[in-house]
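What follows is a single structure, written as structure tokens, with notes after it.
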Amino acid sequence: MQLWQQMQLSSPGTAAYNDAAEQLRSGNSRDGGTGSPDCKYLVSISYRGVGNRILAAAAAFLYAVLTDRVVLIDPSNEMGVLFCEPFPGTTWLLPPDFPLTSYTNFSIDTPESYGNMLKKKVISAASTTTQQLPAFAYLHLDNHLTDEDKMFFCDEDQRVLRDIRWLVMRTDSYIVPGLFLTTGFQQELDMLFPEPDTVFHHLGRYLFHPNNHVWGLVTRYHDAYLAAAHQRVGIQIRVFDGSESPEVLEQITTCTQRESLLPEVLTAGIEPSAVPPTPAGKSTAVLVTSLKAWYYDKIKSMYWEHATATGEAVGVHQPSHEEYQQFGTKSHDAKAWAEIYLLSLTDAAGRRSGTWRRASVA
């Protein structure tokens, strides 16, 4: 409730936001103004794939909660289209008249980045005297961040950032583990999330809800291919070089069978009649999400051409196979978001991206 009230008081269109935007437009650091002195903002830049954008927005939201800021999401790259607004009666989308018109082009070389300002001694985390703070700071937390950029995760630097009214963050990854290592955040994080590995589960359920078009993609596919199965297993496969690898396929099938996510198949020469019967009608639906169709075809053929050791029926399904990542394509992003949501509806899921991982889905 406190968070929702803060959004109501400080979101775009309010007096507090207009005052903060005018202060940013003037280039001055925070002054008395007419808005709330407690109204501070974090802008999250949206880029890369849908999954990266979701992870970045979730991490930015949590950081905003920990630092008493209002998070504003860059609406570009479909972020203002693919998702419903999470806060009734207000918005978390950055308005089009935001004073920093070139914010989406901020990079590791931006002079206002926190790392560069530290390097050039524009500001100092070690200062014990009052220092003039900038109107905003850019947080470059991309995968190419410098040692100075990494100082974001230090307590002394968080004390400096706390007093800068506007922060603009760029990240393509999930920085939440770094927040848990920041001493000043640990107590509140421990209270909010007694089980740290559930952080994204809770944030995702709270923040990310498909728009009507994507929800239609989800419900139609789920009802047609997954709903009737006794068990639903999700397999997300990402091979970054785009190859069709028999080794990766072997890793997937071996792990899913070893972890009892999927049944083993009978080898040639063993008759299905020799298999102990399973409960009548037991079936498993496998949802494969991948840019490639090759892995889906192989897994589907395996369970079509061979009986299972348990006697259960296994159906294998893949909603789409776009072949390559298509940045900025609306239909591609909608399918990707629908498949992410469909994976969340499975009973158990495994992910292959560099290494194979099993994850339970609640």
Side-chain angles (χ1 to χ4, degrees), residues 1-47 53-104 106 112 133-139 141 161-171 175-176 179 185 188 192 200 202-212 214 337:
M1 179 63 70
Q2 182 179 355
L3 175 63
W4 180 77
Q5 290 174 339
Q6 185 181 28
M7 290 294 297
Q8 287 278 336
L9 293 171
S10 306
S11 63
T14 62
Y17 175 84
N18 292 338
D19 174 73
E22 183 57 36
Q23 171 258 314
L24 181 60
R25 188 175 291 108
S26 70
N28 297 323
S29 56
R30 189 198 301 189
D31 53 30
T34 59
S36 168
D38 297 324
C39 194
K40 299 179 293 182
Y41 295 88
L42 172 67
V43 175
S44 177
I45 299 174
S46 305
Y47 74 120
R53 283 175 253 159
I54 290 174
L55 290 174
F61 173 79
L62 180 57
Y63 178 67
V65 169
L66 294 172
T67 56
D68 295 318
R69 292 180 180 272
V70 173
V71 66
L72 296 174
I73 303 297
D74 166 24
S76 63
N77 292 310
E78 305 300 320
M79 288 299 287
V81 177
L82 293 173
F83 306 92
C84 296
E85 289 274 6
F87 304 107
T90 185
T91 182
W92 74 335
L93 296 176
L94 191 68
D97 60 350
F98 182 58
L100 301 178
T101 55
S102 62
Y103 71 95
T104 56
F106 287 176
E112 293 86 0
L133 295 175
F136 77 96
Y138 163 58
L139 306 174
L141 302 177
L161 291 169
R162 178 184 58 196
D163 294 324
I164 299 177
R165 193 172 193 181
W166 285 93
L167 299 179
V168 180
M169 177 186 290
R170 177 187 291 275
T171 183
I175 64 167
V176 169
L179 300 180
F185 298 147
E188 187 168 1
L192 289 171
F200 183 77
H202 293 296
L203 294 178
R205 287 172 63 90
Y206 183 63
L207 294 174
F208 304 112
H209 306 280
N211 68 4
N212 289 341
V214 175
W337 175 211

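Quantities reported herein were computed from a predicted structural model and do not represent experimental measurements.
Listed here is the closest heavy atom pair of E85 and T91: OE2-OG1, 2.5 Å. Contact detail for S46 and S76: the closest heavy-atom pair is CB-O, 3.8 Å. V214 and P210 get closest at one heavy-atom pair: CG1-CB, 3.7 Å. Nearest heavy atoms, L179 versus A59: CD1-O, 4.4 Å. Considering every non-hydrogen atom in both S10 and V70, the closest pair reads CB-CG2, 3.6 Å. Between L161 and R69 the shortest heavy-atom distance is O-NH2, 2.8 Å.
Side-chain contact between P134 and I164: present, with at least one pair of heavy atoms (C-beta onward) separated by less than 4.5 Å. Residues I73 and L94 have side chains not in contact (no heavy-atom distance under 4.5 Å, counting atoms from C-beta outward). Proximity of Y17 to S11: side-chain heavy atoms (C-beta onward) are nowhere separated by under 4.5 Å. Contact annotation: the side chain of F208 never approaches that of C84 to less than 4.5 Å [non-hydrogen atoms, C-beta and beyond]. V168 places a side-chain heavy atom less than 4.5 Å from the side chain of L100.
Among residues two or more places apart in sequence or in another chain, the side chain to side chain donor-acceptor pair (under 3.5 Å) test is passed with Y41 by none. Judged as a side chain to side chain donor-acceptor pair (under 3.5 Å), and not counting sequence neighbours, E112 has no contacts. The side chain to side chain donor-acceptor pair (under 3.5 Å) test applied to Y47 returns D142, not counting sequence neighbours.
To the nearest 0.5 Å, atom CH2 of residue W166 and atom CG of residue L42 are 10.0 Å apart. How far CZ of R170 is from CG of L139: 12.0 Å, rounded to the nearest 0.5 Å. To the nearest 0.5 Å, atoms CG (L192) and CG (L62) are separated by 7.5 Å. Here the CE-CG distance, from M169 to D74, works out to 13.5 Å after rounding to the nearest 0.5 Å. Taking CD of E78 as the reference point, atom CZ of F83 lies at 10.0 Å (rounded to 0.5 Å). To the nearest 0.5 Å, atom CG of residue L9 and atom OG1 of residue T90 are 9.5 Å apart.
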Subject >> Test log, rule side chain to side chain contact (heavy atoms under 4.5 Å, CB included), inputs Y138 and I45 >> reply: CA-CA 10 Å; Y138 163 58; I45 299 174; 4.3 Å; yes
**OP:** Check the pair E188 / L66 against side chain to side chain contact (heavy atoms under 4.5 Å, CB included), numbers first and verdict last.
**Re:** CA-CA 7 Å; E188 187 168 1; L66 294 172; 4.0 Å; yes
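Residue D97 places its CG atom among more than 12 non-hydrogen atoms of other residues, nucleotides or ligands, all under 6.0 Å distant.
A donor-acceptor distance shorter than 3.5 angstrom exists from the side chain of N18 to the backbone of T14, with no hydrogens or angles considered. A donor-acceptor distance shorter than 3.5 angstrom exists from the side chain of K40 to the backbone of R162, with no hydrogens or angles considered.
The aromatic rings of Y63 and F185 lie perpendicular to each other, with more than 60° between the two planes, well past the 30° mark. In this structure, Y206 and F61 have tilted ring planes: the angle between them lies in the 30° to 60° band. Classification of the Y103-F98 ring pair by plane angle, with boundaries at 30° and 60°, yields perpendicular.
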